[in-house]
Protein chains: 4
Amino acid sequence: MDTRAPAAESPWLPFESRRRARDEKREAVLRTAVQLFLEQGYHRATLNEVAERLNITKPALYNYFRGKDEILFECWAMGLELVETSTAAINAAGGSGLDKLRKMARAYGGLMATDFGASLVRFDVRDLGAKHRDIVLAGKKSIDRTFRGYITEGIADGSITPCDPKMTAFMIAGSLNWIGHWYKRDGTMTPEAIGETFAMQLTDGLAVRPPRKPRTTKQHTKR
Amino acid sequence: MDTRAPAAESPWLPFESRRRARDEKREAVLRTAVQLFLEQGYHRATLNEVAERLNITKPALYNYFRGKDEILFECWAMGLELVETSTAAINAAGGSGLDKLRKMARAYGGLMATDFGASLVRFDVRDLGAKHRDIVLAGKKSIDRTFRGYITEGIADGSITPCDPKMTAFMIAGSLNWIGHWYKRDGTMTPEAIGETFAMQLTDGLAVRPPRKPRTTKQHTKR
Amino acid sequence: MDTRAPAAESPWLPFESRRRARDEKREAVLRTAVQLFLEQGYHRATLNEVAERLNITKPALYNYFRGKDEILFECWAMGLELVETSTAAINAAGGSGLDKLRKMARAYGGLMATDFGASLVRFDVRDLGAKHRDIVLAGKKSIDRTFRGYITEGIADGSITPCDPKMTAFMIAGSLNWIGHWYKRDGTMTPEAIGETFAMQLTDGLAVRPPRKPRTTKQHTKR
Amino acid sequence: MDTRAPAAESPWLPFESRRRARDEKREAVLRTAVQLFLEQGYHRATLNEVAERLNITKPALYNYFRGKDEILFECWAMGLELVETSTAAINAAGGSGLDKLRKMARAYGGLMATDFGASLVRFDVRDLGAKHRDIVLAGKKSIDRTFRGYITEGIADGSITPCDPKMTAFMIAGSLNWIGHWYKRDGTMTPEAIGETFAMQLTDGLAVRPPRKPRTTKQHTKR
DNA sequence: TATGAATGAGGTTTCATTCAT
DNA sequence: AATGAATGAAACCTCATTCAT
């Protein structure tokens with residue numbers, strides 16, 4: 001019942017603004033849904049409650065999404081997009097393999113403390129339709145390839161100690177993924193700090209170290 | 001398999017053997033269920049299919065378990081038991097903090113490639129009743145404490161480079177937990193090998209290293 | 001069958017009428033359910049049959065009630081309301097204790113020949129949830145208190161022969177309650193007639209009688 | 001399997017005693033069942049719990065009864081038998097219609113405070129199979145006829161004020177039946193006392209009274 | 001675009017009952 | 001006579017989804 005009349009000046013704006021309104025609502029649904037899905041788990045969460053939290057009714061959701069599993073898919077899509085943005089930036093910035101790996105760990109670790117980021121590891125691809133599932137699996141594979149790629153690169157350019165890239169990627173990514181499971185927003189560390197810590201410590205063992213002088217004093221990252 | 005002749009000698013054996021039969025069946029249910037739950041996810045898996053795979057009918061399951069969620073709980077309980085057995089052995093063997101941590105990583109990583117081990121990280125505690133949930137959460141907390149304990153010990157005894165035990169434990173355990181998500185039985189590496197690899201690489205960065213001479217030949221991490 | 005034309009005049013009516021429609025349906029469910037419950041007994045009656053009789057499907061019932069036992073509770077609530085209405089009217093009208101008791105017997109006895117009235121004595125409180133059960137028990141207690149109150153009043157004001165109010169109330173109410181068990185709608189007596197008969201005969205023995213002259217002709221109870 | 005040899009002296013006794021044992025067990029089942037049925041209601045009570053209370057297992061019950069509804073029927077049968085015993089005694093003793101009615105009220109009222117007596121009014125004939133149901137209905141009808149008969153007799157012999165025997169019987173029996181619903185064993189009045197009170201008060205209004213002198217002092221049963 | 005109402009499908013659970021031992 | 005195990009039937013309930021308005 002919005003009765004303000006902008007229609008006079010431009011027959012086009014209302015359409016635009018209407019579309020924008022629509023997109024905003026769609027996003028609102030998504031943000032609410034992802035929270036609920038994370039809170040209660042996809043299966044226990046009901047569309048009814050999603051709707052309730054948005055002060056609308058269940059069928060209204062179907063104006064924005066084709067069904068529950070499409071909402072789920074979009075959560076994943078958002079997460080994947082965030083990751084891709086990060087990797088694009090990292091690739092663009094260049095640097096050694098180790099550099100990139102560290103940046104990636106930092107970024108990805110941070111994302112894991114995010115609703116849409118956590119979606120990547122807290123939801124179950126088997127809840128998706130075949131088509132969507134394939135897309136998501138492709139996205140996850142791509143992330144894995146990114147990690148492995150940086151490691152391989154690093155080994156090649158000498159910044160990373162030789163190792164099995166596949167296993168090492170699993171190790172690092174697994175460690176970061178797990179953040180999505182234990183991170184609580186009320187924790188003491190910010191997502192960035194966690195990403196940073198993990199990035200350093202995880203890659204510390206991998207860095208090719210310059211010959212050290214006999215230790216005299218302890219000189220360490222933390223503390 | 002038990003071919004010892006029963007009834008003749010003792011009226012007591014049949015009772016024993018009956019109880020054994022019961023326990024065996026209970027275990028069979030559990031093994032079938034955990035596989036199905038892992039395959040399809042707890043919510044998609046139906047008791048009907050569990051029963052079908054066992055060539056019995058659904059209500060027969062209720063002879064062994066009080067309900068679906070009790071089956072789920074027992075999967076967890078099995079996993080926790082396995083972990084506890086491992087830690088007990090590790091503690092009994094003694095050694096430096098680093099030693100223990102490595103052994104733990106090896107054992108725990110190996111378990112993650114196991115059905116009941118994977119239960120610890122693939123299922124959702126919110127699917128349990130309040131009572132069972134508390135037990136499981138306590139168990140998980142205990143595992144976390146074990147990891148942290150070994151790290152703290154190691155720092156104290158000088159075998160581990162000082163670090164934040166909490167974050168480090170999260171890192172290591174997370175990395176190992178992730179095995180439960182990606183490991184497929186058809187993979188090329190045995191669970192033990194994976195546990196071994198992870199154990200070494202994860203703890204390598206933590207080990208306090210003797211002063212090194214300038215590198216001449218490659219003699220890296222993997223020892 | 002509301003035939004007043006709605007939508008033209010007011011955008012508000014449709015809402016009203018919709019709400020009314022909803023209430024009417026809820027009531028229809030209740031009337032159908034109470035009949036079925038009385039016919040077959042609460043446990044033998046299935047929601048499926050309730051739904052069938054209403055030409056809807058079972059889950060549709062859940063739009064109006066939270067579950068089978070809530071329907072049961074509402075039957076009771078309807079019955080209790082009817083009784084309360086009666087007692088309110090009786091209290092408002094005033095009169096001697098005996099007067100009130102007679103009116104109450106008449107009204108209550110009549111209700112027992114009613115679906116919702118019979119609910120009060122034909123259903124089992126143990127089929128209710130704890131909360132609802134408490135409400136119903138309170139309601140029953142209140143009815144009992146009403147009977148006893150009238151008797152006590154009557155004794156006090158001299159209209160009723162002294163007696164044990166508790167036992168007498170049990171006696172009278174029990175006698176009336178039983179109507180709910182044997183009354184069949186096809187019987188020869190109307191509910192009102194039954195109420196009347198019971199009211200007179202039950203209270204006749206209680207009435208303080210004026211000294212009689214030696215009986216010469218039969219002039220008894222039935223008046 | 002029983003190899004103790006009492007057989008020598010009498011091949012007949014063991015049979016007798018075995019049958020007696022069987023009957024005793026059957027009765028024990030019945031007593032336990034009727035209690036449970038009254039406590040929880042027929043449908044909520046499970047054979048499992050009946051068996052548990054008897055320290056046997058569910059299938060063992062089937063040695064004594066053909067099924068749950070047969071147990072229910074036997075409860076009724078016990079109740080009916082008790083009533084019939086009473087009426088037989090009353091009839092044998094003779095007396096006026098009023099006398100018999102009073103005795104009957106006393107006896108029947110007392111029975112209602114009994115497990116098997118309460119069975120007559122607390123259970124639902126629709127839970128029985130058709131055959132058993134017919135038997136029970138016949139029994140209830142017979143009880144009704146007995147009440148009506150005494151009343152008719154009393155009217156005929158002048159001991160009871162003329163009235164509608166059908167309604168009066170309903171009234172009296174209903175009042176007594178209700179005892180089965182409210183009587184709790186821990187109450188202050190014994191079953192006999194209740195029967196007595198009800199018998200007197202219920203029939204008091206019916207008795208043809210001798211001309212009374214103007215009341216001077218209150219002289220009443222209770223208080 | 002949003003809603004109330006209704007549906008279909010399916011799942012867990014309970015229990016009386018039977019059967020082989 | 002008694003048991004453990006298993007079954008069949010059915011009931012309640014939940015929820016995503018659709019449809020008419």
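Here is the naming used below: chain letters follow the sequence lines, and residue numbers restart at 1 for every chain. Hydrogens, waters and symmetry mates are skipped; everything else that's a heavy atom, side chains included, is used.
Considering only side-chain N and O atoms, Arg22(C) lies under 4.0 angstrom from the phosphate OP1 or OP2 of dA5(E). Taking side-chain N and O atoms only, Asn63(B) has no distance below 4.0 Å to OP1 or OP2 of dA5(F).
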Could you encode protein contacts along nucleotides 9-15 of chain F as a string, one character per nucleotide from 5' to 3', using B for base contact, S for sugar-phosphate-only contact and - for no contact, with a heavy-atom cut-off of under 4.0 Å?
B-SBBBB
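When side chains are defined from C-beta on, Phe123(A) counts as touching Leu38(A), because their heavy atoms get closer than 4.5 Å.
dA5(F) atom C1' lies 15 Å from atom CD of Glu24(B), rounded to whole Å. Straight-line distance from the CD atom of Glu52(A) to the C1' atom of dG4(E): 15 Å, rounded to whole Å. Atom CG of Leu54(C) is separated from atom P of dA6(E) by 10 Å (rounded to the nearest Å). For Ile56(C) and dA20(F), the CD1 to P distance is 18 Å, given to the nearest whole Å. Taking atom CD on Glu70(B) and atom P on dT13(E), their separation rounds to 10 Å, with Å as the unit. Rounded to whole angstrom, the span from the CG atom of Leu61(D) across to the P atom of dA16(E) amounts to 10 Å. If you measure from atom CG of Leu36(D) to atom P of dC15(E), you get 12 Å, rounded to the nearest angstrom. In this structure, the CG atom of Asn55(A) is 13 Å from the P atom of dA2(E), given to the nearest Å.
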Let me have DNA chain F in dot-bracket notation, would you? Count Watson-Crick plus G-U wobble pairs, both distances under 3.5 Å, and use [ ] for pairs crossing earlier ones and | for inter-strand partners.
.||||||||||||||||||||
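With sequence neighbours excluded, no residue satisfies ring pair (Phe, Tyr, Trp, His ring centres under 6.0 Å) with Phe116(C). Scanning for side chain to side chain donor-acceptor pair (under 3.5 Å) contacts around Gln40(C) gives an empty result, with sequence neighbours left out. Among residues two or more places apart in sequence or in another chain, the side-chain contact (heavy atoms from CB on, under 4.5 Å) test is passed with Leu137(A) by Val125(A), Arg133(A). Not counting sequence neighbours, the partners of Arg126(B) by the side chain to side chain donor-acceptor pair (under 3.5 Å) test are Asp124(B).
Distance from the side chain of Lys25(C) is smallest for dA6(E) among the nucleotides dT3(E), dA6(E), dG8(F).
Closest of all the heavy-atom pairs between Thr32(A) and Val50(A) is CG2-O, 3.9 Å.
Applying the salt bridge (Lys or Arg N to Asp or Glu O under 4.0 Å) test to residues at least two apart or on different chains, none of the pairs has a partner in residues 62-71 of chain B. Residues in residues 56-75 of chain B take part in these ring-ring contact (aromatic ring centres under 6.0 Å, His included) pairs, two or more places apart or across chains: Phe73(B)-His132(B). Residue pairs meeting the salt bridge (Lys or Arg N to Asp or Glu O under 4.0 Å) criterion with at least one member in residues 52-64 of chain C, sequence neighbours excluded, are Glu39(C)-Arg53(C), Glu49(C)-Arg53(C).
Phe65(D) comes within 4.0 angstrom of nothing in the nucleic acid, heavy atoms only.
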